[in-house]
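See structure below.
Every number for a ligand or one of its atoms is a count from 1 in the order of the listing.
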Amino acid sequence: MALIGVFDSGVGGLSILDEALRQLPEHDYIYLADSINAPYGEKSSEWIALRSMELCQYLAAQGCDAIMVACNTATAEAIAAIRNELSHIPIIGVEPGIKPAAMQSSNGIVGVLATEATLKSGKFSALLATLPDCQFVKQAGAGLVPLIEAGQADGEQTLELLAEHLEPIQEAGADTLVLGCTHYPFLRKAIRKLLGDSINLVDTSEAVVRQLKRKLEAQGKRLDNDEHGSVTFISSKDAQTLHQMAFELMQSDLDEHSIKSQLVSSFT
Ligand code: DGL
């Protein structure tokens, strides 16, 4: 069995943890939510890079065999430096799924909803440049992460803000929408309400966890998914709320795992 560290600015990475528990329930997980600092998406590149490094170093010091940077923003700003620094363990990142989206789109018009920092990053521009034949309508989801963090993914205010953000994507005639932030899969219901069932929604959690699985297999870690490992929830803000939100937002049956939660206010 392995110990896997998963981190995000807040509850968004729970969408990745959920998929990890579905595919690889036998491992032990530490989920670290830096909710005191959410949202990351409107912070500077330097800040995001430093904080992401600090949190990954903390997870590595807890003995993690692999770390999932379950945040598109942190991946865009910091993954290369983290891989460089922690070269002894696999570091798996998350990127907006624009390649699968381009493949799934029938009309070649794809909306990308992500944080401002992700959309502005060099990594994202480089990814876009590999797909010149597709039209991407980029939209920063400003204000959505704080609402999801506040437990209002299905709330009226979220629906209104989301409608504003989706308008240019809808007007451009996109038939596919990339959920380019790990918080946004929790908006699926609201997006369906606004855009209907015909639009393809693309999130990469399944592929990201398959990548983790390959890395663990390459390390010779035993895989036995009849077992259920433990999950430790660590929050920089409020462990109780994180614990509660995990039960609310995730589909996995957390009762099958041994669960702990913990408040950590300094990661150095
Ligand atoms: N969930 C994160 C992402 O995937 C970060 C959102 C934020 O904190 O702004 O980009």
message: Taking transitive links into account, so neighbours of neighbours count too, which hydrophobic residues share a cluster with Y40 at under 4.5 Å side-chain distance?
response: L3, F7, I30, L32, W47, I48, M53, L55, Y58, L59, I67, V69, I79, I82, L86, I89, I91, I234, V264, F267
- request: With sequence neighbours excluded, give me every salt bridge (charged side-chain N to carboxylate O under 4.0 Å, His left out) pair touching residues 62-71.
  value: D65-K221
query: Any chain of hydrophobic side-chain contacts (each under 4.5 Å) joining L144 to V94?
result: yes
query: Which residue pairs pass the side chain to side chain donor-acceptor pair (under 3.5 Å) test with at least one member in residues 157-173, sequence neighbours excluded?
result: Q139-H165
- request: Taking only heavy atoms of the protein into account, state which residues are under 4.0 angstrom from an atom of ligand 1, in chain and number order.
  value: D8, S9, P39, Y40, G41, C71, N72, T73, T115, V145, C181, T182, H183
task: Drop me the distance from L166's CG to L187's CG, to the nearest 0.5 angstrom.
output: 9.0 Å
Value rounded to 0.5 Å, distance of CG in D154 from NZ in K189: 4.0 Å
